[in-house]
Amino acid sequence: MAKKRTERASAARQTALERQSMIGPKMNFAAAEAYKLLRTNVMFSFPDAGESRVLGVTSSFRGEGKSLTSINLAYTFAEAGKDVLLIEGDMRLPTMEARLAIAGKPGLSNVLVGTDSMAGSVQQYDATEAGRTTSFDVLVSGDIPPTPSELLGSARMSAFLGKMKEQYDVIILDLPPVGAVPDAIVASHLVDGMIVVVRAGHTVRGGLADTMRQLDLAEAHVLGFVFNGAAAVGGGKYYRKGYYSSDYYGGDHK
Ligand SMILES: Nc1ncnc2c1ncn2[C@@H]1O[C@H](COP(=O)(O)OP(=O)(O)O)[C@@H](O)[C@H]1O
Ligand SMILES: [Mg+2]
């Protein structure tokens, strides 16, 4: 019991830390610059400048920073004046509710099965710093469905994303890891491009190779990699407070 309480307290502290130091305007300078570069590179990956895009974010395993990358990418696009929708596509281990301090439902699953409307489910997230507010819309995952991968790969999901493209410039779909469940592979058919997060000290070579193999087999359009948690220059330590760098390596991943 006591251990559980300690774990909970530590989880709460971690969430508070994230709110303070890793999201949106709380990113450090290097991280913010890295995200801007990522935004530019993503834009350059698509030849038709004016079109709306759905970007999937995945990795090999949990805890590599997919959700954090998705949030900060949403923020960075919003900062550039884009209308952004962040969708929590991880219906198995939802984290947006705690991390952004928003409601945990209704969400994507509820909208897809038709129990709730998009208008009644979408939430606006406002990040305010020094009197300046940057906003983007968030659709959390909602009630956990019995078969998330089927729902994610459904014709309804495809139609839903098509509709969202009429309303938003950029749609970011935060997905589960490829190494654990088929969800991201299934969803890769519905997105315009996939971003693969690699985390220093977490991602193992074999795991990443397997992820890339699976994405290749699915003929996913991989835009590139985000390198999360790079060592601070000169310090040799992992930067603990946030991203030191989220370098983006565009082009062909092979
Ligand atoms: N660069 C980083 N520095 C410190 N903590 C990080 C970093 N990236 C992720 N984390 C932490 O690791 C945990 C997992 O991140 P998350 O984005 O939820 O991963 P995923 O969505 O891939 O499972 C979170 O507590 C997050 O705050
Ligand atoms: Mg996640």
Side-chain angles (χ1 to χ4, degrees), residues 34-61 64-90 108 136-139 149 152-155 157-179 181-199 203 208-228 243 245-254:
Y35 272 103
K36 281 182 193 154
L37 184 61
L38 174 61
R39 179 183 69 202
T40 305
N41 282 327
V42 168
M43 309 270 259
F44 276 120
S45 329
F46 296 107
D48 309 314
E51 271 184 42
S52 297
R53 300 293 173 198
V54 183
L55 307 172
V57 178
T58 193
S59 75
S60 307
F61 303 108
E64 290 177 302
K66 295 175 288 298
S67 299
L68 210 54
T69 299
S70 299
I71 294 168
N72 284 335
L73 200 51
Y75 172 82
T76 308
F77 272 109
E79 227 189 354
K82 302 282 179 199
D83 279 330
V84 181
L85 173 65
L86 170 63
I87 303 177
E88 182 170 41
D90 191 338
L108 177 64
F136 55 88
D137 282 355
V138 185
L139 182 66
S149 47
L152 271 180
S154 66
M157 177 70 181
S158 172
F160 171 74
L161 289 177
K163 219 156 85 193
M164 291 305 104
K165 277 170 113 168
E166 291 168 13
Q167 293 171 35
Y168 294 94
D169 302 316
V170 181
I171 297 146
I172 293 165
L173 184 60
D174 176 25
L175 290 161
V178 169
V181 285
D183 306 21
I185 294 296
V186 161
S188 70
H189 298 279
L190 308 181
V191 304
D192 296 303
M194 291 286 269
I195 292 168
V196 179
V197 178
V198 176
R199 184 169 173 188
T203 306
L208 180 61
D210 193 50
T211 294
M212 298 318 295
R213 225 176 353 255
Q214 289 199 54
L215 287 165
D216 255 357
L217 278 174
E219 295 178 9
H221 179 202
V222 176
L223 296 175
F225 302 90
V226 164
F227 188 46
N228 173 28
Y243 289 82
S245 167
S246 286
D247 298 330
Y248 174 85
Y249 303 103
D252 200 323
H253 59 267
K254 276 173 276 187

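Quick caveat, the model's predicted, so the values are computed rather than measured.
Contacts of Asp137 classified as side-chain hydrogen bond (donor to acceptor under 3.5 Å, both in side chains), with partners at least two apart in sequence or in another chain: Tyr168. Remark: Val170 pairs with Leu55, Phe77, Lys82, Val84, Ile172 by the side-chain contact (heavy atoms from CB on, under 4.5 Å) rule, at least two apart or across chains. Under the salt bridge (Lys or Arg N to Asp or Glu O under 4.0 Å) criterion, Arg39 pairs with no residue, sequence neighbours left out. Looking at residues two or more places apart in sequence or on another chain, you find no salt bridge (Lys or Arg N to Asp or Glu O under 4.0 Å) involving Asp83. In this structure Phe136 satisfies the ring-ring contact (aromatic ring centres under 6.0 Å, His included) test together with Tyr125, sequence neighbours excluded.
The OG1 atom of Thr69 sits 8.0 Å away from atom CG of Leu38, with the distance rounded to the nearest 0.5 Å. Between atom CG of residue Leu152 and atom CG of residue Leu108 there is a gap of 6.5 Å, rounded to the nearest 0.5 Å. The OG atom of Ser45 sits 8.0 Å away from the CD1 atom of Ile195 when rounded to the nearest 0.5 Å. In this structure, CG in Asp169 is found 11.0 Å from CG in Leu85, a value given to the nearest 0.5 Å. Rounding to the nearest 0.5 Å places CG of Leu73 at 7.0 Å from OH of Tyr35. Between atom OG of residue Ser70 and atom CD of residue Glu88 there is a gap of 9.5 Å, rounded to the nearest 0.5 Å.
Side-chain contact between Met194 and Val178: absent, with no pair of heavy atoms (C-beta onward) separated by less than 4.5 Å. Side-chain contact between Tyr75 and Leu86 is absent, with no heavy-atom pair separated by less than 4.5 Å.
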Enumerate, atom names and distances included, each donor-acceptor pair closer than 3.5 Å involving a side-chain atom of residues 182-190, sequence neighbours excluded.
from, atom 1, to, atom 2, distance (Å)
Asp183, OD1, Arg92, NE, 3.4
Asp183, OD1, Arg92, NH2, 2.7
Asp183, OD2, Arg92, NE, 2.9
Asp183, OD2, Arg92, NH2, 3.4
Ser188, OG, Ile185, O, 2.6

Cut-off 3.5 Å, no hydrogens considered: what does the side-chain donor-acceptor table look like for residues 159-166, sequence neighbours left out?
from, atom 1, to, atom 2, distance (Å)
Lys165, NZ, Asp192, OD1, 3.3
Lys165, NZ, Asp192, OD2, 3.0

side-chain contact (heavy atoms from CB on, under 4.5 Å) evaluation trace for Val196 with Leu208: CA-CA 9 Å; Val196 179; Leu208 180 61; 4.1 Å; yes

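With respect to the salt-bridge test (charged N to carboxylate O, under 4.0 angstrom), the residues Arg213 and Asp210 qualify.
Each salt bridge (charged side-chain N to carboxylate O under 4.0 Å, His left out) pair with one or both residues in residues 217-228, not counting sequence neighbours, would appear here, but there are none. Residue pairs that meet the side-chain hydrogen bond (donor to acceptor under 3.5 Å, both in side chains) test with at least one member in residues 52-61, sequence neighbours left out, are Ser59-Glu64, Ser59-Lys66, Ser60-Thr211.
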